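Since the structure comes first, as structure tokens, the remarks are kept for the end.
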Amino acid sequence: MEYSFFKRIICILSLILTFSCSSDLDFNQADQFNIKPVFTTNLAYFPLEANQFIVDGVEQSTFSYISNVDFFHTGFIRDDLVKTELYFRVKNTINRAYTYNIAFQDANNITIHNVNLAVPAYNGTEIVVEKTEKFDSTNIDILKNTKNITFSIAMLPGPPLTSTSPGRVELSSSITAYFDVK
């Protein structure tokens, strides 16, 4: 008797499943897949205390730092990066004016793009200079061809600094990258 009960249940379930609703699967939907992620991350941080401009008792007017940015050469970046915004902020509490130059260089160390910031001398209130550099479909290849970014600072003439001079000048930057993944 138990056997016939199970047999009936199996037959009823089979009958229900045979006539259940189903739709055709569209595997071409994968071709229409599209996401547009946005990522923001730090690019560089470059602080200099006033006394770092003094080396062996002599004032040094320039400093530079080279950052390798090979990540611009990955397949994901090359294929899917559509727009970026590079944000730069310089704070100055040293009684000297500065110029910052951010040079984008290709694999042959040839500069292919520059960003310049004029930083006024400290006047009792912290000086903040900000700039956003945008890259879109018209110039995104500059970033895709960038291998190194050189951050250079040049101190302009003014009151001499000593090893006990107060203040600092610092550059911080970030990148916001917009992708279109299909």
Side-chain angles (χ1 to χ4, degrees), residues 25-50 52-53 60-94 96-123 125-157 167-182:
L25 296 176
D26 182 8
F27 290 105
N28 292 326
Q29 288 178 350
D31 294 336
Q32 300 167 4
F33 176 76
N34 188 329
I35 62 171
K36 296 182 179 186
V38 177
F39 298 102
T40 300
T41 189
N42 292 332
L43 185 61
Y45 179 70
F46 191 52
L48 285 168
E49 299 292 330
Q52 290 179 280
F53 286 96
Q60 305 296 309
S61 62
T62 61
F63 283 94
S64 65
Y65 171 77
I66 298 173
S67 178
N68 182 295
V69 288
D70 273 342
F71 61 87
F72 285 133
H73 297 270
T74 64
F76 178 66
I77 301 275
R78 283 215 162 273
D79 297 341
D80 301 320
L81 182 66
V82 293
K83 181 174 112 174
T84 63
E85 294 173 357
L86 279 73
Y87 170 74
F88 302 98
R89 181 180 64 204
V90 179
K91 294 180 183 179
N92 183 17
T93 59
I94 301 174
R96 293 291 285 273
Y98 296 89
T99 58
Y100 253 104
N101 181 50
I102 299 104
F104 297 75
Q105 299 162 329
D106 65 12
N108 297 317
N109 292 324
I110 296 171
T111 298
I112 55 178
H113 187 74
N114 276 303
V115 175
N116 294 298
L117 298 148
V119 183
Y122 175 70
N123 59 9
T125 303
E126 180 180 69
I127 302 296
V128 177
V129 175
E130 298 174 301
K131 184 170 186 173
T132 300
E133 191 79 4
K134 296 181 180 185
F135 295 87
D136 58 22
S137 61
T138 62
N139 61 354
I140 196 74
D141 285 339
I142 291 170
L143 288 182
K144 292 179 180 181
N145 292 320
T146 298
K147 184 174 188 291
N148 296 313
I149 299 177
T150 301
F151 298 87
S152 301
I153 184 171
M155 185 169 43
L156 300 178
R168 71 185 287 160
V169 61
E170 69 179 43
L171 170 106
S172 57
S173 62
S174 64
I175 181 172
T176 301
Y178 299 83
F179 295 90
D180 188 4
V181 181
K182 296 177 183 180

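What you are looking at is a predicted structure, and each value in this text was computed from that prediction instead of being measured.
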Which heavy atom of [X] sits nearest to which heavy atom of [Y], and what is that distance?
X      : Y      : value
Thr146 : Ile149 : CG2-CG1, 3.9 Å
Gln60  : Met155 : O-CE, 3.4 Å
Leu81  : Tyr178 : CD1-O, 3.5 Å
Ala118 : Val129 : O-CG2, 3.6 Å
Arg168 : Pro47  : NH2-CB, 2.9 Å

Got [X] and [Y] here, is their nearest side-chain heavy-atom distance under 4.5 Å?
X      : Y      : answer
Phe151 : Ile153 : no
Asn101 : Ser64  : no
Thr99  : Asn116 : no
Leu48  : Ile94  : no
Tyr100 : Phe88  : no

Rounded to the nearest 0.5 Å, how far apart are [atom1] of [X] and [atom2] of [Y]?
X      : Y      : atom1 : atom2 : result
Leu156 : Arg96  : CG    : CZ    : 8.0 Å
Thr84  : Phe135 : OG1   : CZ    : 5.5 Å
Asp79  : Phe179 : CG    : CZ    : 11.0 Å

Return a table of donor-acceptor pairs under 3.5 angstrom between the side chains of residues 34-42 and protein atoms on other chains or two or more places apart.
{"from": "Asn34", "atom 1": "ND2", "to": "Asp180", "atom 2": "OD1", "distance (Å)": "3.3"}
{"from": "Thr40", "atom 1": "OG1", "to": "Thr176", "atom 2": "OG1", "distance (Å)": "3.1"}

side-chain contact (heavy atoms from CB on, under 4.5 Å) partner of Ile102, the single match among Leu43, Val115, Asn114, Leu86: Val115

Intermediate values then yes/no, side chain to side chain contact (heavy atoms under 4.5 Å, CB included), Asp106 and Lys147: CA-CA 5 Å; Asp106 65 12; Lys147 184 174 188 291; 5.9 Å; no

Short side-chain to backbone donor-acceptor contact, Asp141 and Asn145, under 3.5 Å: no

Whether Phe53 and Phe63 hold their rings parallel, tilted or perpendicular, with breakpoints at 30° and 60°: perpendicular

Heavy atoms from other residues, nucleotides or ligands near OH of Tyr45 exceed 12 (cutoff 6.0 Å):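 Counting other residues, nucleotides and ligands, OH of Tyr45 exceeds 12 neighbours.
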
Basic-acidic side-chain contact under 4.0 Å: Glu130, Arg89: no

